[in-house]
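Structure record follows, encoded as structure tokens.
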Amino acid sequence: MAQFKKLDHVVIATTDLADALKKWEHTVGLTEDKTLDHPRGAGFLAASLPIGDSFLELVQPDGATGRFAEQVAER
């Protein structure tokens, strides 16, 4: 069995980034770190919520079409 020493981040896909941010802040008190850069043209919008040395990353497709949008719609 693998033994892990650190978790860098966890990614959660959402269809409504603003709503997901509100829910995470209201439910567990996590707030967005707006200083982090995200890749442009990647097919998604992202928000990072720091948790100690790790972070939770919420991602939303940036349009109705494209590979990432199709994956989110399937799930």
Side-chain angles (χ1 to χ4, degrees):
M1 177 186 280
Q3 292 193 4
F4 299 96
K5 295 182 180 183
K6 182 179 178 188
L7 178 66
D8 183 65
H9 71 286
V10 173
V11 179
I12 298 175
T14 180
T15 56
D16 187 334
L17 185 61
D19 185 55
L21 280 167
K22 287 178 193 174
K23 287 179 181 175
W24 280 96
E25 183 172 5
H26 176 74
T27 305
V28 293
L30 297 178
T31 57
E32 180 181 10
D33 180 352
K34 295 184 181 193
T35 65
L36 298 177
D37 290 327
H38 299 290
R40 294 176 189 239
F44 60 87
L45 307 172
S48 298
L49 307 169
I51 306 171
D53 291 337
S54 302
F55 65 96
L56 178 67
E57 185 172 26
L58 302 174
V59 293
Q60 170 193 321
D62 68 358
T65 60
R67 185 171 164 243
F68 184 68
E70 291 170 3
Q71 290 175 344
V72 171
E74 286 176 6
R75 294 183 175 105

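How far CG of L56 is from CH2 of W24: 5.0 Å, rounded to the nearest 0.5 Å. The distance from atom CG of L21 to atom OG of S48, rounded to the nearest 0.5 Å, is 9.5 Å.
Residue pairs meeting the salt bridge (Lys or Arg N to Asp or Glu O under 4.0 Å) criterion with at least one member in residues 22-31, sequence neighbours excluded, are D19-K23.
Nearest heavy-atom pair, A47 versus E32, reported as atom, atom and distance to 0.1 Å: CB-OE2, 3.6 Å.
Using a 4.5 Å cut-off between side-chain heavy atoms of Ile, Leu, Val, Met, Phe, Trp and Tyr, with links allowed through other members, L17 and L30 fall into the same hydrophobic cluster.
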Enumerate donor-acceptor pairs with a distance under 3.5 Å from any side-chain N or O in residues 3-14 to protein atoms, sequence neighbours excluded.
unit_1	atom_1	unit_2	atom_2	d
T14	OG1	D16	N	3.2
T14	OG1	D16	O	3.4

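Taking 4.5 Å as the limit, every side-chain heavy atom of D33 sits out of range of all side-chain heavy atoms of F55.
Tested against L49, the residues T31, L58, V28 include a single side chain to side chain contact (heavy atoms under 4.5 Å, CB included) partner, L58.
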